[in-house]
Peer 1: 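This is the structure I have questions about; it appears just below.
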Amino acid sequence: MTNIKAGIIGGAGFTGGETLRILLHHPQVEIKFVHSRSNAGNKLYAVHADLLGETELTFTEHLHYEEVDVVILCLGHGESRVFLQNNPVPEPVKIIDLSHDFRLAENAGNFVYGLPELQRKRIKEAKAIANPGCFATCIQLGLLPLAKAGQLQEEIHISAITGSTGAGQKLQKTTGFTWRNNNISTYKAFTHQHLHEIKQSLASLQGEFQQEINFIPYRGNFTRGILASIYLNCPLSEEEVVHLYQEYYQEHPFTHVSSQPVDLKQVVNTNKCFIHVQKQGNKVLITSAIDNLAKGASGQAIQNMNLLFGLEETAGLLWKPAAF
Ligand SMILES: NC(=O)C1=CN([C@@H]2O[C@H](COP(=O)(O)OP(=O)(O)OC[C@H]3O[C@@H](n4cnc5c(N)ncnc54)[C@H](OP(=O)(O)O)[C@@H]3O)[C@@H](O)[C@H]2O)C=CC1
Ligand SMILES: CC(=O)N[C@@H](CCC(=O)OP(=O)(O)O)C(=O)O
């Protein structure tokens with residue numbers, strides 16, 4: 001079995017740490033370097049203490065592009081484009097970027113949007129992947145089957161709540177325990193940056209898609225996970241909608257339609273997305289749940305890496321769920 005040699009850039013952050021946790025146990029990957037400006041020279045477990053006993057690797061400030069087949073960028077908001085301009089990655093090394101810098105067509109260059117449930121074939125042929133945002137992944141997986149069936153004919157209403165790790169490791173007022181514990185709030189109401197990529201994907205399936213998407217994000221009193229509730233008017237029966245979702249996700253190993261309402265503990269610490277669909281009068285309610293750091297970030301990045309290199313799509317990504 002070929003070993004994919006990987007370099008991680010921004011390895012000291014939340015998604016960098018999550019990517020390390022996954023790749024250290026991926027059967028076909030060898031981690032060749034882990035870049036960090038702030039922790040160069042320190043052991044990985046000096047930052048990600050849970051990795052003690054799992055690796056003796058050390059962070060580096062050097063970029064050993066010549067030693068790898070793929071680099072995974074886990075930099076802060078909007079840092080990737082500048083980083084790649086200053087540190088160009090030579091062919092044939094592939095790039096997987098977790099930031100939003102290359103997700104929209106107008107500034108994607110040769111990056112392919114990395115949502116396998118939308119365009120697995122294009123991902124397999126790509127040189128570079130723009131990994132979707134966390135809310136964007138959860139919400140799109142809740143809507144793609146309706147878009148494909150041309151059923152998004154009226155405005156869409158979304159409430160989605162995220163854990164604190166969605167905002168990165170830099171401590172902010174709204175991520176510290178004192179503020180976050182026993183608390184909840186809305187933020188970026190109607191204006192979240194993920195709306196652009198969500199609309200881009202929906203329009204790629206339902207050409208004339210122009211509907212208003214009313215998205216209210218919430219900050220939740222937990223660390224990992226995103227639960228989105230989505231509703232819109234839809235003339236299909238509940239049975240027809242459920243069948244639509246089951247058929248759409250049949251060939252996708254990580255997205256599952258549940259006959260029961262879903263909750264975060266079913267998906268946290270897995271690369272899965274669980275979806276529940278129900279009708280109430282003329283409204284269809286779709287509930288979608290993911291782990292923001294797994295399917296919403298690092299797990300999806302490795303799923304895309306598996307596709308890029310022709311590995312089993314689920315390689316290194318079948319972890320036991322936490323259950324409670
Ligand atoms: N958290 C989440 O749930 C999700 C995050 N994302 C996206 O993933 C990316 C990373 O997020 P996350 O891990 O949470 O962020 P963090 O802030 O936790 O980590 C980012 C890391 O990037 C490094 N870094 C930042 N700027 C630079 C730079 N200019 N050059 C080199 N290294 C840099 C820093 O490490 P150091 O200073 O040590 O070099 C930092 O630890 C972001 O773009 C985010 O939007 C996407 C989906 C979900
Ligand atoms: C909890 C939280 O703050 N989440 C971030 C989303 C993180 C992310 O995925 O943003 P990118 O588009 O840069 O990848 C937010 O809502 O802005």
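Nothing here was measured: the structure is a model prediction, and the numbers come from that model.
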Peer 1: Can you give me the closest heavy-atom contact between Val112 and Arg122, atom names plus distance?
Peer 2: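 Where Val112 meets Arg122 most closely, the heavy atoms are CG2-NH2, 3.7 Å.
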Peer 1: Can you see which heavy atom on Ile96 is nearest to which on Met305, and at what distance?
Peer 2: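 In this case the closest contact between Ile96 and Met305 is CD1-CB, 3.5 Å.
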Peer 1: So, do His192 and Phe135 have ring centers that fall under 6.0 Å from each other?
Peer 2: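 Between His192 and Phe135, the centre distance is under 6.0 Å.
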Peer 1: Identify the heavy atoms of Asn39 and Ala12 that sit nearest to each other, and give their distance.
Peer 2: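 Heavy-atom minimum between the residues: ND2-CB, 3.9 Å.
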Peer 1: For Lys188 and Gln193: C-alpha separation, side-chain torsions, deciding distance, then whether side chain to side chain donor-acceptor pair (under 3.5 Å) applies.
Peer 2: CA-CA 8 Å; Lys188 297 182 183 176; Gln193 68 270 21; 3.0 Å; yes
Peer 1: Quick one about Gln140 and His194 (side-chain donor to acceptor, distance below 3.5 Å, no hydrogens or angles considered), yes or no?
Peer 2: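 No, no side-chain donor-acceptor pair sits under 3.5 Å.
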Peer 1: Which heavy atom in Asn131 sits nearest to a heavy atom in Ala301, and how many Å separate them?
Peer 2: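 Taking Asn131 first and Ala301 second, the nearest heavy atoms are OD1-CA, 3.4 Å.
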Peer 1: Indicate yes or no: at least one non-hydrogen side-chain atom of Val34 is less than 4.5 angstrom from one of Ile31.
Peer 2: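 Sidechains of Ile31 and Val34: in contact.
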Peer 1: Looking at CD1 of Ile286 and CD1 of Ile139, how far apart are the two atoms once the value is rounded to the nearest 0.5 Å?
Peer 2: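 That separation rounds to 11.0 Å.
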Peer 1: Report the distance from atom OG1 of Thr55 to atom CG of Leu23, rounding to the nearest 0.5 Å.
Peer 2: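 Rounded to the nearest 0.5 Å, the OG1-CG separation comes to 11.5 Å.
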Peer 1: Within 45° of the six-membered ring axis of Phe111 and under 6.0 Å from that ring's centre, is NZ or CZ of Arg103 located there?
Peer 2: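 Not satisfied by the 6.0 Å and 45° rule.
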Peer 1: Tell me, with the steps shown, if Lys32 and Glu30 meet side chain to side chain contact (heavy atoms under 4.5 Å, CB included).
Peer 2: CA-CA 6 Å; Lys32 297 300 283 184; Glu30 182 189 354; 3.2 Å; yes
Peer 1: Grab the two heavy atoms, one from Ala6 and one from Val29, that are nearest each other, plus how far apart they are.
Peer 2: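 In this case the closest contact between Ala6 and Val29 is CB-CG1, 4.0 Å.
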Peer 1: Would Tyr65 and Asn87 count as a side chain to side chain contact (heavy atoms under 4.5 Å, CB included) if you check the C-alpha gap in whole Å, the side-chain angles of each, and the deciding distance to 0.1 Å?
Peer 2: CA-CA 10 Å; Tyr65 288 155; Asn87 306 280; 3.5 Å; yes
Peer 1: Does any part of the side chain of Asp50, heavy atoms only, come nearer than 4.5 Å to the side chain of Leu52, both counted from C-beta?
Peer 2: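 Of all side-chain heavy-atom pairs linking Asp50 with Leu52, none is under 4.5 Å.
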Peer 1: Indicate the atoms forming the closest heavy-atom contact of Leu75 with Ser80, along with that distance.
Peer 2: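 Scanning both residues, the minimum pair turns out to be CD1-CA, 4.0 Å.
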Peer 1: With under 30° as parallel and over 60° as perpendicular, where do the rings of Tyr249 and Tyr245 fit, or are they tilted in between?
Peer 2: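 Taking Tyr245 first and then Tyr249, their aromatic rings sit tilted (interplane angle of 30° to 60°).
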Peer 1: Can you tell if the side chain of Ile230 reaches within under 4.5 Å of the side chain of Leu143, non-hydrogen atoms only?
Peer 2: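 Yes, close enough: below the 4.5 Å cut-off.
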Peer 1: Considering only heavy atoms from C-beta outward, does the side chain of Thr175 approach that of Thr165 to under 4.5 Å?
Peer 2: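 Not touching, per the 4.5 Å side-chain cut-off.
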Peer 1: Could you tell me if the side chain of Lys148 sits less than 4.5 Å from the side chain of Glu247, heavy atoms only?
Peer 2: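 No. Closest side-chain heavy atoms not under 4.5 Å.
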Peer 1: Answer yes or no: is there a side-chain heavy-atom contact under 4.5 Å between Lys295 and Lys272?
Peer 2: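 Sidechains of Lys272 and Lys295: no contact.
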Peer 1: Is a salt bridge present between Arg120 and Glu313, judged by a nitrogen-to-oxygen distance below 4.0 Å?
Peer 2: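 Yes.
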Peer 1: Just verifying a value: how many Å separate Gln303 CD and Asn271 CG, rounded to the nearest 0.5 Å?
Peer 2: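 Reported value, rounded in 0.5 Å steps: 5.0 Å.
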Peer 1: Any salt bridge between Glu61 and Arg37, counting N to O under 4.0 Å?
Peer 2: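 Answer for the salt bridge query: no.
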Peer 1: Kindly determine whether Ser185 and Arg219 satisfy side chain to side chain donor-acceptor pair (under 3.5 Å), including the steps that lead there.
Peer 2: CA-CA 5 Å; Ser185 74; Arg219 296 186 181 94; 3.1 Å; yes
Peer 1: Show your working on side chain to side chain donor-acceptor pair (under 3.5 Å) between Asp291 and Thr270 and close with a plain yes or no.
Peer 2: CA-CA 7 Å; Asp291 180 323; Thr270 77; over 6 Å; no
Peer 1: Check for me, please, whether Phe254 and Val262 land in the same ILVMFWY cluster - side-chain distances under 4.5 Å, paths through other members count.
Peer 2: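 Different clusters.
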Peer 1: According to the interplanar angle, ranging from 0 to 90°, do the rings of His157 and Tyr231 count as parallel (below 30°), tilted (30 to 60°) or perpendicular (above 60°)?
Peer 2: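 It falls in the parallel class, under 30°.
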Peer 1: Could you go through the side chain to side chain donor-acceptor pair (under 3.5 Å) check for Glu197 and Tyr113 one step at a time?
Peer 2: CA-CA 9 Å; Glu197 59 193 273; Tyr113 190 66; 2.6 Å; yes
Peer 1: Side chains of Gln260 and His276: closer than 4.5 Å at any heavy-atom pair?
Peer 2: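 No, too far: nothing below the 4.5 Å cut-off.
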Peer 1: According to the interplanar angle, ranging from 0 to 90°, do the rings of Phe274 and His256 count as parallel (below 30°), tilted (30 to 60°) or perpendicular (above 60°)?
Peer 2: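 Aromatic pair Phe274/His256 classed perpendicular.
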Peer 1: Quick one: NZ on Lys94 to CD1 on Ile4, what's the gap to the nearest 0.5 Å?
Peer 2: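 The distance works out to 10.0 Å.
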Peer 1: With rounding to the nearest 0.5 Å, note down the distance linking CG in Asp263 to CG in Leu227.
Peer 2: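 Asp263 CG to Leu227 CG: 8.5 Å, rounded to 0.5 Å.
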Peer 1: Report whether Val268 and Ile184 are members of the same hydrophobic cluster (ILVMFWY, side-chain heavy atoms less than 4.5 Å apart, transitive linking).
Peer 2: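 In one cluster with Val268: Ile184, yes.
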Peer 1: How many angstroms lie between CD1 in Ile129 and CG in Asn304, if you round to the nearest 0.5 Å?
Peer 2: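 One finds 5.0 Å between CD1 of Ile129 and CG of Asn304.
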Peer 1: Side chains of Pro132 and Gln300, heavy atoms from C-beta outward: is any pair under 4.5 Å?
Peer 2: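 Yes, at least one pair of side-chain atoms sits under 4.5 Å.
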